Amino acid sequence: MKRIRKAVLPVAGLGTRFLPATKAVPKEMLTVVDRPVVQHVVDEAREAGIEHFIFVTGRGKAVIEDHFDISYELDRTLQERGKTEAYEALKKDLPAAGQTSFTRQQEPLGLGHAVWCAREIVGDEPFAVILPDMLSRGSMVQMLQAYEKHGGNIIAVEEVAPDQTHQYGIVSVGEEFGETFEITGMVEKPPKGTAPSNFIISGRYILQPEIFSILERGERGAGGEIQLTDGMKRLAETQKFYGMHYRGKTYDTGSKLGFLVANLAYGLERPELREDLKREIDALLRGA
């Protein structure tokens with residue numbers, strides 16, 4: 001069983017839900033506290049042991065590549081001004097040379113197509129897919145633990161209220177193994193009252209490379225796009241899929257509410273901000 005070294009991060013989306021903020025700034029570069037969303041995601045993956053980050057980009061996303069590169073002018077300025085702590089923090093955040101790759105998705109043809117665009121860089125080995133909109137703590141660590149236990153393909157799932165299942169991709173639950181279970185089916189945004197469970201797909205995947213030959217067929221699904229869920233359903237005909245029940249909290253920063261809540265949650269975790277932020281929240285609530 002090959003270990004998971006590479007992660008694909010689809011970052012080509014237009015971020016239309018955040019216009020006009022995303023007219024010139026990629027949505028992945030919007031900040032949660034003082035770190036871009038995409039940096040938080042890379043932090044999570046590096047903590048889990050991921051070594052190579054493959055960004056599937058589009059037009060107007062060059063700033064993401066710049067973010068993960070050395071900025072000589074900034075580094076020199078910080079050193080000259082004695083801002084050693086800030087300089088060292090930037091160095092720590094920077095992946096090593098050769099640990100980032102960037103490839104283009106020329107057309108917005110869906111998540112499945114974005115993943116397929118990374119095929120030449122991933123090669124013939126299992127890999128992770130991480131949706132940068134979805135922020136979580138420790139999810140990838142748990143994903144890799146589940147992979148070491150089961151092999152095959154792993155999907156991170158979370159529970160939601162039954163009346164919310166129509167908004168998400170849902171999995172069917174088979175044999176259970178503690179925090180993991182066999183997935184016996186998948187459906188994208190089922191009509192209300194028809195979901196096979198209340199476990200939603202939460203933006204973290206470990207997939208075998210055979211998914212590429214399925215996505216290469218270019219079969220269109222919902223919205224006329226090449227859907228990753230459809231490809232996984234095809235792959236599940238010949239390979240095992242397991243759900244990893246993530247017990248933490250995932251913040252969907254692709255929505256306005258999720259983005260605001262993520263900023264509050266991550267801000268409250270910062271010792272230098274916590275008490276002042278709590279006072280400001282209390283003051284706002286009293287004035288509401």
Side-chain angles (χ1 to χ4, degrees), residues 1-13 26-57 61 63-69 89-103 105 111 114-115 117-119 121-123 125-149 151 153-158 180 201-209 211 228 242-254 258 262 265-266 269:
M1 187 169 64
K2 295 181 180 178
R3 72 185 185 90
I4 308 301
R5 302 185 309 113
K6 299 177 181 179
V8 175
L9 292 85
V11 294
K27 63 177 181 176
E28 297 83 9
M29 292 301 294
L30 298 179
T31 56
V32 171
V33 190
D34 55 2
R35 300 174 76 75
V37 170
V38 70
Q39 182 69 62
H40 283 289
V41 172
V42 168
D43 292 344
E44 176 199 348
R46 291 177 73 183
E47 180 184 354
I50 297 295
E51 301 171 357
H52 191 161
F53 301 91
I54 304 165
F55 297 89
V56 182
T57 71
K61 301 289 182 137
V63 67
I64 297 175
E65 187 168 354
D66 291 341
H67 177 74
F68 290 102
D69 197 0
L90 288 179
K91 283 180 58 179
K92 182 180 178 181
D93 288 343
L94 198 65
Q99 287 188 336
T100 56
S101 297
F102 297 82
T103 188
Q105 182 187 22
L111 178 58
V115 172
C117 288
R119 66 199 182 282
I121 305 173
V122 172
E125 60 183 280
F127 63 102
V129 176
I130 307 176
L131 302 191
D133 285 349
M134 310 299 284
L135 290 190
S136 59
R137 293 287 177 83
S139 180
M140 279 309 302
V141 170
Q142 295 178 40
M143 288 283 284
L144 293 179
Q145 291 171 346
Y147 176 75
E148 291 171 2
K149 180 178 180 180
N153 303 272
I154 312 292
I155 300 176
V157 299
E158 292 183 49
T180 59
I201 299 172
S202 61
R204 301 287 185 273
Y205 314 79
I206 290 174
L207 299 172
Q208 297 297 319
I211 191 71
L228 182 60
Y242 297 90
M244 186 282 295
H245 187 187
Y246 175 55
R247 296 291 185 180
K249 171 68 174 175
T250 296
Y251 301 96
D252 180 5
T253 63
Y266 279 58
E269 292 177 0

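Given the structure is predicted, the values throughout are model-derived calculations rather than measurements.
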For the residue pair A156 and S139, what are the closest heavy atoms and their distance? CB-OG, 4.0 Å
Measuring from atom CG of D43 to atom CE of M140, what distance do you get when rounded to the nearest 0.5 angstrom? 13.5 Å
Hey, are the side chains of K27 and D133 touching, using non-hydrogen atoms and a 4.5 Å cut-off? yes
V63 to M29 - nearest heavy-atom pair and separation: CG1-CG, 3.9 Å
Heavy atoms, side chains only, cut-off 4.5 Å: are L131 and L111 in contact? yes
Sequence neighbours excluded, which residues qualify as ring-ring contact (aromatic ring centres under 6.0 Å, His included) partners of H245? F199
Any side-chain heavy-atom pair from M244 and Y246 closer than 4.5 angstrom? yes
So, is the end of the R137 side chain (NZ or CZ) under 6.0 Å from the ring centre of Y266 and within 45° of the ring's axis? yes
Could you report the tightest heavy-atom contact between F127 and Q208, atom names first, then the distance? CE2-O, 4.1 Å
Provide the closest heavy-atom pair for I154 versus M143 in the form atom of the first, atom of the second, distance. O-CE, 3.5 Å
For the residue pair N153 and Y242, establish whether any side-chain heavy-atom pair is separated by less than 4.5 Å. no
Output, in order, the C-alpha distance, side-chain angles, deciding distance and verdict of side chain to side chain contact (heavy atoms under 4.5 Å, CB included) for V129 and I206. CA-CA 6 Å; V129 176; I206 290 174; over 6 Å; no
Is the side chain of E44 donor-acceptor paired with the backbone N or O of G138 at a distance under 3.5 Å, no angle test? no
So do the side chains of V32 and Y251 get within less than 4.5 Å of each other, counting heavy atoms only? no
With respect to R3, which candidate in E148, E51, E125 satisfies the salt bridge (charged side-chain N to carboxylate O under 4.0 Å, His left out) definition? E51
Mind checking what makes side-chain contact (heavy atoms from CB on, under 4.5 Å) contact with H52, not counting sequence neighbours? K6, I54, S101, I121
Does any N or O in the side chain of R46 come within less than 3.5 Å of the main-chain N or O of D93, such that one atom is a donor and the other an acceptor? yes
OG1 of T180 to CD1 of I155: how many Å apart, nearest 0.5 Å? 13.0 Å
Quick one, E158 with R204, criterion salt bridge (charged side-chain N to carboxylate O under 4.0 Å, His left out). Give me CA distance, side-chain angles, the key distance, then yes/no. CA-CA 11 Å; E158 292 183 49; R204 301 287 185 273; over 6 Å; no
Under 6.0 Å between the ring centres of F55 and F68? yes
CD1 on I4 to CG on L207, rounded to 0.5 Å: 9.0 Å
Do V8 and F53 come within less than 4.5 Å of each other through their side chains, counting heavy atoms only? no
Are T250 and L135 packed together at the side-chain level, in the sense that at least one heavy-atom pair is separated by less than 4.5 angstrom? no
Looking only at heavy atoms, what is the nearest atom pair of T103 and A118, with distance? CG2-CA, 4.4 Å
Please report the closest heavy-atom contact between P132 and P10, naming both atoms and the distance. CD-O, 3.4 Å
Is any side-chain heavy atom of Q39 closer than 4.5 Å to one of T31? no
Tell me whether E28 is salt-bridged to K61, with the criterion being a basic N under 4.0 Å from an acidic carboxylate O. yes
